[in-house]
Structure formats: C-alpha cells, structure tokens
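In what follows, a structure is listed as structure tokens, so that the remarks can point back to it.
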Amino acid sequence: MLSTVPSAVPSAVPSAVPNVIPGGVLSGVLAHGGGTYGLSPDMAGLVAAIALATAAYLAGLRRLGGRAGGRAGGRAGGRAGAASRGARRLGRARVASFAAGLLAMAVALLPPLDHLADERFAAHMLQHMVLIAVAAPLLALGAPELVVPLALPRRWRRRLVLARHALRPVPVVRWLMLPVTAWLAHITVLWFWHLPGPYDLALRSEPVHVAEHLAFLGTAWLLWWHVVTPGRSRLSGPAAMLYMFVTMLPSAALGAVLTLAPAPLFPVQAAEVTESGGDPLFDQQLAGLVMWVPADLVYLGAFIALFLTWTRTGRRDGRRADQAEEVLAAPDEEVLR
C-alpha cells in the first residue's frame with residue numbers, strides 16, 4: 001500500500017486530516033474500480049494529487065499560525081505549533097470538516113460502496129448523494145480556498161492576490177460568482193447526468209464517468225461555498241435558508257421521477273442489475289428514494305442549522321475566519337514573509 005501522509009506532518013494538527021487518506025484509498029477516486037483493487041499508474045497519480053492537496057492544506061495552516069508563534073521551540077515543534085495555531089485561528093471545526101470531507105469521498109468512491117455501485121442503481125445513487133450532500137459541504141466548510149493558497153511560494157501568492165483584485169470587478173466573473181449561477185450550474189448538472197443518455201454513457205466510458213463525478217463534486221462544492229464560506233461573500237441567514245430550500249425542490253423532484261416511473265429508464269444500468277440477479281424496476285425505485293429522502297434530510301438539517309446559527313451566534317464564526325482572508329490579502333511584509 002502507498003502511504004500518502006508526509007513524514008513531517010505536524011502532530012498538533014488533528015490527525016483526521018492526513019489519516020483519512022490511507023494507502024490505496026484513492027484507487028477508486030473519481031471513477032469506479034471495475035472490481036479490481038490494484039493501483040494503476042493513473043490511480044497512483046490521483047493518490048499523489050490528493051496527498052499534495054492534503055500537504056498544501058497543512059502547509060497553509062502552518063503559515064496561517066506562523067506569525068503568532070515566532071520561532072519558539074525547535075524546527076519540528078515550531079512547525080507543529082504553527083499548524084495548531086493556524087487550526088485555532090481558522091477554527092478547528094473547519095479543519096475537522098475538511099478531513100471529514102476527504103473521508104466522505106473515500107467512502108463514496110471506494111469499495112464496498114464503489115463495487116456495489118457497478119451492480120446496483122441504488123448504490124450508485126447513494127454514491128452520488130454522498131459526493132453532493134456530504135463530501136461537498138464538508139470540503140467547502142473546510143475553506144481550502146483560503147488555506148491552500150497560503151502554501152504557495154511568495155511570488156505566486158503575490159500574483160494570486162493581484163489577480164483576485166483585478167478580476168473582481170469584471171462583469172463575467174461577478175456573474176459567475178453569484179449564488180444563483182452556482183445554483184443553476186448544480187441543478188443543471190444534477191438533472192443532466194441523470195438523464196438516460198448521459199447516465200448510460202458514463203457507465204460505458206471511464207473518462208465520461210470521471211467527468212460526471214467531477215461535475216457533481218465541483219458544482220455541489222460551489223453551491224455549498226455560498227452558504228459556508230468564511231468570507232464576506234457568505235449568504236446571510238434568511239437568504240441561505242431560502243437557498244437550501246430551493247435546492248431541495250429539484251433534487252426531490254428528480255427522486256420522485258425515478259421512484260414513480262413505471263419502467264426502468266436506464267437500459268445499461270438495468271442490464272447490470274439483471275445480470276447480478278436484481279429487479280431493475282425495484283432497484284430504480286430504491287435509487288429514487290435514496291435521492292429523495294436522505295438528500296432532503298441533509299438540506300433540511302442545513303436549513304435548521306442555518307436558522308439556529310443566525311438566531312443564536314450571528315456572524316461570530318465569519319469574523320474569526322475572515323482573519324484568514326486578511327492573511328491572504330495582507331501586505332507583503334505580513335503574508336509574503
């Protein structure tokens with residue numbers, strides 16, 4: 001098995017961040033494993049990419065907490081202390097959420113669920129829902145867009161800050177960053193990939209299948225980003241609650257279509273189910289319920305959490321995490337040291 005945890009990972013950072021990616025975990029990430037658990041060269045590349053992202057997140061935490069700690073302790077102790085301070089500054093809940101998001105990806109895209117998804121529509125739908133309604137919000141809550149850039153070299157960080165300021169007023173960029181744009185992209189992707197043609201094509205073609213999973217995870221992350229981002233772009237309580245409500249409706253409608261259809265809608269998936277000894281129509285109905293009920297519970301839970309946060313704690317977490325944004329956009333002597 002391959003180990004994806006760098007030996008220098010600070011012990012002070014919650015161990016869930018690196019440990020959710022054990023050796024070979026990503027052998028099925030982004031596409032099904034086709035019944036084999038070996039690590040192909042392409043899969044090894046995915047392992048390396050996710051390991052790099054994890055290391056970058058940890059490096060960003062170290063830089064985020066480095067200024068306050070100075071050079072106290074030895075080199076190893078200083079790195080660990082800086083990462084711990086960075087986790088406190090960002091919020092340990094956000095760091096834990098990022099780790100949990102990686103774990104949710106592993107659960108969705110590795111056996112046994114991944115193996116079952118090859119044979120059962122219901123398991124395949126569960127895989128999609130874990131990516132969309134569990135992994136995506138947890139990863140977004142971890143605020144990697146604020147932490148990971150801090151791990152870049154000094155020159156790249158300066159260019160990134162300049163690019164952000166230059167692109168912010170561009171009309172197309174402003175439109176792309178609107179919550180309604182993220183909502184439309186997510187709903188379009190959700191319905192498109194669950195039409196019979198694109199869905200069956202993804203089952204027949206591995207590159208298309210990878211694109212499908214990337215589209216689910218990417219657009220869902222952007223959707224949830226508008227709700228949980230630790231910056232000024234986060235939707236306010238009432239607007240965020242409405243956002244979750246209108247997201248729940250199209251997902252429930254698609255689940256209802258699958259559940260109430262009088263015949264199987266996906267020929268390739270139905271053939272796989274029949275070959276494995278299942279009933280295609282019952283499996284499709286169960287898949288519809290998986291999309292309909294659990295996803296609605298997630299959105300409803302988010303709605304309630306947003307309401308409680310709005311009424312009890314206001315924007316306290318937003319104020320704390322905004323410090324991370326200030327570190328990213330601070331002058332050179334603060335950020336580029």
Side-chain angles (χ1 to χ4, degrees), residues 2-23 25-26 29-30 45-69 75-76 78-109 131 134-154 156-157 160-161 164 214 217-218 220-222 224-225 228-231 234 317 320-330 335-337:
L2 295 178
S3 175
T4 66
V5 183
S7 59
V9 169
S11 59
V13 178
S15 60
V17 175
N19 288 344
V20 296
I21 314 179
V25 148
L26 294 176
V29 166
L30 300 181
L46 291 174
V47 171
I50 298 301
L52 179 62
T54 304
Y57 192 86
L58 294 171
L61 288 178
R62 287 196 295 269
R63 181 169 294 277
L64 187 59
R67 284 283 293 174
R75 180 177 180 183
R79 289 163 62 90
S84 181
R85 287 188 297 273
R88 287 197 302 269
R89 187 175 181 185
L90 181 70
R92 291 191 181 278
R94 289 190 178 276
V95 177
S97 294
F98 184 77
L102 294 178
L103 179 61
M105 287 181 59
V107 170
L109 298 169
L131 288 175
V134 181
L138 288 172
L139 291 174
L141 191 59
E145 76 280 1
L146 298 183
V147 178
V148 172
L150 298 177
L152 295 174
R154 179 184 305 176
W156 293 8
R157 292 200 304 273
L160 178 61
V161 170
R164 289 173 67 233
L214 284 172
L217 190 62
W221 178 86
L222 186 58
W224 286 96
W225 179 84
V228 301
T229 178
R234 182 169 58 186
D317 180 66
R320 177 178 61 195
D322 280 346
Q323 297 175 11
E325 256 193 356
E326 292 168 6
V327 170
L328 178 59
V335 177
L336 307 179
R337 180 176 175 178

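Only heavy atoms go into these numbers, but all of them, side chains included; no hydrogens, no water, no symmetry mates.
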Practice task
Work out which heavy atom in Leu64 is nearest to a heavy atom in Arg89; give both atom names and the distance.
Solution key: O-NH1, 3.1 Å
Practice task
Please report the closest heavy-atom contact between Leu90 and Ala143, naming both atoms and the distance.
Solution key: CD1-CB, 4.4 Å
Problem - side chain to side chain donor-acceptor pair (under 3.5 Å) between Arg92 and Ser84, intermediate numbers included - result: CA-CA 9 Å; Arg92 291 191 181 278; Ser84 181; 3.0 Å; yes
Exercise for the section: Check step by step if side chain to side chain contact (heavy atoms under 4.5 Å, CB included) holds for Leu141 and Phe98. Expected result: CA-CA 7 Å; Leu141 191 59; Phe98 184 77; over 6 Å; no
Handout entry: Nearest heavy-atom neighbours spanning Pro144 and Tyr57
Key = CA-CE1, 4.0 Å
Problem - Over all atoms of both residues, closest heavy-atom pair of Pro149 and Leu160 - result: CB-CD2, 3.4 Å
Exercise for the section: Would you check if Trp225 and Glu145 make a side-chain contact, meaning some heavy-atom pair closer than 4.5 Å? Expected result: yes
Completion exercise
CG (Leu102) and CG (Leu138) are apart, to the nearest 0.5 Å, by 9.5 Å
Problem - Under 3.5 Å donor-acceptor, Arg94 side chain and Gly142 backbone - result: no
Handout entry: Under 3.5 Å: donor-acceptor pair, side chain of Arg157, backbone of Leu152
Key = yes
Problem - Residue pair Gly65 / Arg85: nearest heavy atoms and the distance that separates them - result: O-NE, 2.9 Å
Handout entry: CZ-CG distance between Arg63 and Leu58, expressed to the nearest 0.5 angstrom
Key = 14.0 Å
Exercise for the section: Considering non-hydrogen atoms only, spot the tightest contact between Trp224 and Pro137 and give its length. Expected result: CD2-CB, 3.4 Å
